[in-house]
**Student:** 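Let me begin by handing over the structure; questions about it come next.
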Amino acid sequence: MHWADVVAEKLLESGKKHVISSGITPSGPIHLGSMREILTADAIVRAVNDKGGEAELLYVADNADPLRKVYPFLNEEKYGAYVGRPLAEIPAPEGDRSYDQFFLKPFFQALEEVGVRPKVIDNYDYYKNGKYNECVKKIIESRNEARDILEKISGRQLPKHWFPWTFKDKDGKLCNGKFIRYEWPFVYFENKSGDEIQNNIEKGEGKLPWRLDWPSKWKILGVTFEAFGKDHATKGGSFDTGKRIVKDILDYKEPHHLVYEWINLKGKGAMHSSTGLAISAEEMLRMAPPEVIRWLIMQPQPNRHVDFDPGLGLLNSVDKYDRSLQTYYSGDLEENSSRALELSQIKAIPEEENQTIPYRHLVTLSQSKENHEEIEKTLVRTGDIKKLNTNEIKNLKSRLNCIEGWLDNYAPESVKFKIQKNVPNLDLNSDEKIYLENLKEKMTLIDWNPESIHDSFYELQETSEISAKEYFRIMYLVLLGKERGPRLGFFLATIDKDFVINRLDSY
RNA sequence: GGGCCUGUAGCUCAGCUAGGUAGAGCGUCCGGCUUUUAACCGGACGGCCAAGGGUUCGAAUCCCUUCAGGCCCGCCA
């Protein structure tokens, strides 16, 4: 059984309605690794609903969290002063929005494209509007017990003047001050310079520290399931303390959970937006079809790490996805893979199989043709496809967009080429000029389709004692200005015959 | 120091939740095909399932121990 269904069945044993939560601190570009969390959650929402349950997906934007430091992608001068301020109160690197929205907006846009529409929880607003009141009160009332749980389970010592609230200093920065006294909704603390500061808890001046904030969210939002990264899952970590806090102090049942592994960039290690070693969700969508992105997450077990290779590996992933889809329609795909494919669809899986155009062909065509229509026409002419229906056209276009993005940013040089509009300047010897002459004659005579073109090269080889390889090489040089290129029969058939003959004739 | 995950064919991995004769893709080799951005078709080779022990009629699968690798936590989230 697919992992999402295993979880869904377990959830349904304890009730029909479920709140599946996911979230992130929007401190930088939100990357593919973070996307694993919400896609994992989304898969479980779908699985619960498929089995007759009612699951809702939440996405908590932890924008009350402070900016921890000036990240490498930020301007030191501008952001130095904002370190410590809540993300929701800081200006964005560009434009009028706030910092958190600057990173969240494109991420939500990306989520929509991969078919995920969570209910978004603005954590900053939650604090401002007093949604945490009840939980904060309870925790403050039982602060000795809370302290005990945190110290015992996490094994770390809390300061003598600990109070379960991250204070907000008069300069707007979150800080750990010395607790003085408390009288709901006010708490008083002494800051570093020795001033006494008042925070109004009801108005979100300050926030709960993470280890208390998380379990409070479970209760406030009614969370029954959450998938989280292994950083939270360690013994004595925030989940361990959270489940005790929520049970003993907040009187709520700990949510079911699942721990997922990181996504690594092939050969480079785990993604971190803070170091810049990451591919953001938006970037990802500009180079890979959304269903393939989902599939990269749905196919493996959540506890396996994923090595993502944005180079040639991406082409392989798309090919693999396409191939499994074809196997799916022929009914030969095993259960888990079939389910993974269903969960990878943006909408429902189409009942009728669409024509798949080999992705590598499209990589070639997108570099040799001007626009989508020409590409489609060419594919029909070469017999690779029949006329496309509306759905297929849409599909073709979105895939071509991905390919263009990929070629611009991630494709290795070996797959890139450009048809030379002007005749490349080549230093040819007399033998080579003869090859060209022979080639031209041959090309003039044949039908312009992949097989005849291909065949003609081997006929030339037989009659002229020159290797076919040499003919290939010279053809690529003349057309592309480089020694290698796409499979020649197919490639030539996609471009204009007269153009090719003229080119050969100009040497 | 503590914890989690992983270890199955040369490589990448599935199979483990629910025990019932070891699987796929790629690579290699052979055959076919007028051989190419890492083409296609057919076939073969290939594994003490990391090691040891236990439970069982029966273990890759469950339990214990060990070894190896990766990562997380012990600041913050």
Side-chain angles (χ1 to χ4, degrees), chain A residues 1-3 5-7 9-10 23-27 60 62-69 83-84 87 123 153-157 166 174 176 207-214 228-242 258-262 264 266 269-270 274 299-307 309 311-313 315-317 319-320 323-324 327 332-337 340 358 360-361 363-364 367 411-417 450-462 467-469 471-473 475-476 480 482-491:
Chain A
M1 202 191 292
H2 190 269
W3 52 263
D5 293 317
V6 172
V7 173
E9 286 195 354
K10 204 187 266 166
I24 200 174
T25 305
S27 55
V60 182
D62 281 321
N63 53 354
D65 292 352
L67 181 71
R68 288 196 48 227
K69 59 175 183 179
V83 172
L87 297 172
N123 205 40
I153 293 181
S154 76
R156 77 178 198 208
Q157 182 83 34
T166 302
L174 296 169
N176 296 309
K207 70 183 286 286
L208 286 170
W210 165 250
R211 281 175 187 259
L212 302 171
D213 172 286
W214 200 18
F228 48 87
K230 59 181 177 182
D231 47 342
H232 294 307
T234 195
K235 179 159 183 180
S238 49
F239 187 74
D240 273 359
T241 51
L258 176 158
V259 178
Y260 61 87
E261 256 286 353
W262 302 144
N264 293 334
K266 193 175 183 183
S274 57
Q299 176 63 28
Q301 298 287 333
N303 63 8
R304 318 277 308 210
H305 80 256
V306 172
D307 274 313
D309 169 15
L312 279 179
L315 292 189
N316 288 335
S317 298
D319 276 348
K320 261 191 200 160
R323 229 171 294 147
S324 357
T327 320
D332 297 331
L333 198 58
E334 55 107 19
E335 187 202 335
N336 277 353
S337 301
R360 280 164 203 272
H361 276 193
V363 172
T364 301
Q367 295 180 85
E413 285 307 311
S414 62
V415 302
K416 292 197 213 175
F417 66 86
E451 291 82 52
S452 342
I453 295 170
H454 193 80
D455 292 353
S456 66
F457 278 79
Y458 293 98
E459 284 164 22
L460 273 173
Q461 171 190 25
E462 279 165 14
S467 70
K469 217 172 179 174
Y471 277 114
F472 279 127
R473 193 179 74 88
M475 200 76 200
Y476 289 127
L480 308 177
K482 55 190 269 189
E483 296 204 351
R484 295 175 69 87
R487 297 193 74 186
L488 201 64
F490 165 78
F491 175 54

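Per chain, numbering begins at 1; letters A, B, ... match sequence-line order.
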**Student:** Taking CG from A:Asp231 and C1' from B:C72, how many angstroms apart are they, rounded to a whole number?
**Tutor:**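 Distance, rounded to whole Å: 7 Å.
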
**Student:** Can you say whether the rings of A:Phe491 and A:Phe417 are parallel (under 30°), tilted (30 to 60°) or perpendicular (over 60°)?
**Tutor:**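 Perpendicular.
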
**Student:** When you measure from the side-chain N and O atoms of A:Arg304 to the phosphate of B:G7, is any distance below 4.0 Å, counting only OP1 and OP2?
**Tutor:**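 For B:G7, OP1 or OP2 has a side-chain N or O of A:Arg304 closer than 4.0 Å.
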
**Student:** Does atom NZ of A:Lys320 have more than 12 heavy-atom neighbours, drawn from other residues, nucleotides or ligands, at distances under 6.0 Å?
**Tutor:**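 Not more than 12 within 6.0 Å, no.
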
**Student:** Quick one: is B:C75 close enough that its OP1 or OP2 comes under 4.0 Å of any side-chain N or O from A:Arg156?
**Tutor:**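 So the side-chain polar atoms of A:Arg156 never come under 4.0 Å of the phosphate oxygens OP1 or OP2 of B:C75.
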
**Student:** Distance check needed: B:G25 C1' versus A:Arg323 CZ, whole Å only.
**Tutor:**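 The distance from CZ of A:Arg323 to C1' of B:G25 comes to 8 Å, rounded to the nearest Å.
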
**Student:** Between A:Gln299 and A:Phe457, name the one whose nearest nucleotide on RNA chain B is closer to the 5' end.
**Tutor:**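 That would be A:Gln299.
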
**Student:** Assign each of A:Gly313 and A:Gly236 to its nearest nucleotide of RNA chain B by heavy atoms, then name whichever residue's nucleotide is nearer the 5' end.
**Tutor:**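 Closer to the 5' end of RNA chain B: A:Gly313.
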
**Student:** What stems, by residue range, does RNA chain B take part in, given at least 3 consecutive Watson-Crick or G-U pairs under 3.5 Å?
**Tutor:**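 Consecutive-pair runs (3 or more) involving RNA chain B: B:1-7 with B:67-73, B:10-13 with B:23-26, B:28-32 with B:40-44, B:50-54 with B:62-66.
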
**Student:** Just the rounded figure in Å: distance from C1' of B:U36 to CZ of A:Arg473.
**Tutor:**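 So the CZ-C1' distance, A:Arg473 to B:U36, works out to 15 Å.
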
**Student:** Which value, rounded to the nearest 0.5 Å, describes the distance between A:Trp214 atom CH2 and A:Asp62 atom CG?
**Tutor:**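 Spacing of CH2 (A:Trp214) from CG (A:Asp62) equals 10.5 Å.
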
**Student:** Closest heavy-atom contact between A:Ser414 and A:Lys482?
**Tutor:**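 Shortest heavy-atom separation between A:Ser414 and A:Lys482 comes out as O-NZ, 4.0 Å.
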
**Student:** Round to the nearest Å and state the distance from A:Ile153 atom CD1 to B:G3 atom P.
**Tutor:**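 Rounded to the whole Å, the gap is 15 Å.
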
**Student:** Less than 4.0 angstrom between a side-chain N/O of A:His305 and OP1 or OP2 of B:C5, yes or no?
**Tutor:**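 No, A:His305 has no side-chain N/O under 4.0 Å of OP1/OP2 on B:C5.
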
**Student:** Taking B:U6 as the reference, what is the distance to B:C62 when you measure between their P atoms (whole Å, please)?
**Tutor:**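 Straight-line distance between the two P atoms is 10 Å.
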
**Student:** For the pair made of CD in A:Glu261 and P in B:G70, what is the distance, rounded to whole Å?
**Tutor:**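 Roughly 13 Å, once rounded to whole Å.
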
**Student:** Taking only the C1' atom of each, what is the distance from B:C72 to B:A77 in whole angstrom?
**Tutor:**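 It comes out at 14 Å once rounded to the nearest Å.
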
**Student:** Please report the distance, rounded to the nearest Å, between CG in A:Asp307 and C1' in B:C13.
**Tutor:**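 Rounded to the whole Å, the gap is 12 Å.
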
**Student:** Measuring only the P atom in each nucleotide, how far is B:U34 from B:C26? A whole number of Å is fine.
**Tutor:**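 Per the computed distance, 22 Å lies between those P atoms.
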
**Student:** Looking at every strand, decide which applies to A:Trp262 at a 4.0 Å heavy-atom threshold: base, sugar-phosphate, or nothing.
**Tutor:**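 Sugar-phosphate contact only - A:Trp262 comes under 4.0 Å of backbone atoms but never of a base.
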
**Student:** Please measure how far the C1' atom in B:G46 lies from the corresponding atom in B:A24, and state the result in whole Å.
**Tutor:**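 About 14 Å, rounded to a whole number of Å.
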
**Student:** With a cut-off of 6.0 Å (strictly less than), are more than 12 heavy atoms of other residues, nucleotides or ligands near NZ of A:Lys416?
**Tutor:**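 Enclosed.
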
**Student:** Tell me: CH2 of A:Trp3 to C1' of B:A14, nearest whole Å?
**Tutor:**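 Taking atom C1' of B:A14 as the reference, CH2 of A:Trp3 is at 16 Å.
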
**Student:** Tell me what A:Asp455 touches on the nucleic acid: a base, only sugar-phosphate, or nothing, going by heavy atoms under 4.0 Å.
**Tutor:**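 The residue A:Asp455 makes base contact.
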
**Student:** Angle between ring planes, A:Tyr476 versus A:Phe472, binned at 30° and 60°: parallel, tilted or perpendicular?
**Tutor:**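 If you compare the ring of A:Tyr476 with that of A:Phe472, the planes turn out parallel.
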
**Student:** Do A:Lys207 and A:Asp65 come close enough that some side-chain heavy atom pair is under 4.5 Å?
**Tutor:**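 They are in contact (side-chain heavy atoms under 4.5 Å apart), so the answer is yes.
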
**Student:** Taking the side chain as every heavy atom from C-beta outward, state whether A:Arg360 and A:Asn316 have any atom pair closer than 4.5 Å.
**Tutor:**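 They are in contact (side-chain heavy atoms under 4.5 Å apart), so the answer is yes.
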
**Student:** Can you tell me which nucleotide in B:G3, B:C75, B:U35 comes closest to the side chain of A:Arg68?
**Tutor:**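 Side chain of A:Arg68 sits closest to B:C75.
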
**Student:** Which part of the nucleic acid does A:Ser337 contact within heavy-atom distance under 4.0 Å: base, sugar-phosphate only, or nothing?
**Tutor:**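 Counting heavy atoms under 4.0 Å across all strands, no contact is made by A:Ser337.
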
**Student:** Around atom CG of A:Asp309, are there more than 12 heavy atoms from other residues, nucleotides or ligands closer than 6.0 Å?
**Tutor:**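 More than 12 heavy atoms, drawn from other residues, nucleotides or ligands, come within 6.0 Å of this atom.
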
**Student:** Which of these nucleotides, B:A77, B:U36, B:C72, is closest to any side-chain atom of A:Tyr476?
**Tutor:**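 The answer is B:U36, which lies nearest to the side chain.
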
**Student:** Do the side-chain N or O atoms of A:Asn336 get closer than 4.0 angstrom to the phosphate oxygens (OP1, OP2) of B:G15?
**Tutor:**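 True: A:Asn336 side-chain N/O within range (under 4.0 Å) of B:G15 OP1/OP2.
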
**Student:** Report yes or no: is there a donor-acceptor pair, N or O only, under 3.5 Å between the side chain of A:Thr234 and the base of B:G2?
**Tutor:**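 Checked by distance alone, the answer is yes.
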
**Student:** Reckon A:Asp65 touches a base, only the sugar-phosphate, or nothing at all at heavy-atom distances under 4.0 Å?
**Tutor:**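 Sugar-phosphate, no base atom in range.
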
**Student:** Could you check whether A:Gln301 gets within reach of a base, just the sugar-phosphate, or nothing at all, counting any heavy atom under 4.0 Å?
**Tutor:**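 A:Gln301: backbone/sugar contact only, no base atoms under 4.0 Å.
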
**Student:** Can you confirm whether A:Ser154 sits close enough to A:Arg211 that some side-chain heavy atom of one is under 4.5 Å from a side-chain heavy atom of the other?
**Tutor:**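 Counting from C-beta outward, A:Ser154 and A:Arg211 do come under 4.5 Å.
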
**Student:** With C1' as the reference atom in both, quote the distance from B:G74 to B:G1 in angstrom, rounded to an integer.
**Tutor:**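 B:G74 and B:G1 have their C1' atoms separated by 8 Å.
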
**Student:** Could you measure between the two C1' atoms, the one in B:G19 and the one in B:C49, and give it in whole Å?
**Tutor:**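 Here B:G19 and B:C49 have their C1' atoms 15 Å from each other.
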
**Student:** Work out how far the P atom of B:G15 is from that of B:U61, and round it to whole angstrom.
**Tutor:**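 These two P atoms come out 15 Å apart once rounded.
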
**Student:** Considering only the C1' atoms, how many Å lie between B:A22 and B:C16, rounded to the nearest integer?
**Tutor:**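 Nearest-Å result for B:A22 against B:C16 at atom C1': 13 Å.
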
**Student:** Base, sugar-phosphate or nothing for A:Thr25? Non-hydrogen atoms, less than 4.0 Å.
**Tutor:**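 Sugar-phosphate contact only.
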
**Student:** Whole Å only: how far is the CZ atom of A:Arg211 from the C1' atom of B:C75?
**Tutor:**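 My rounded result for the distance is 11 Å.
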
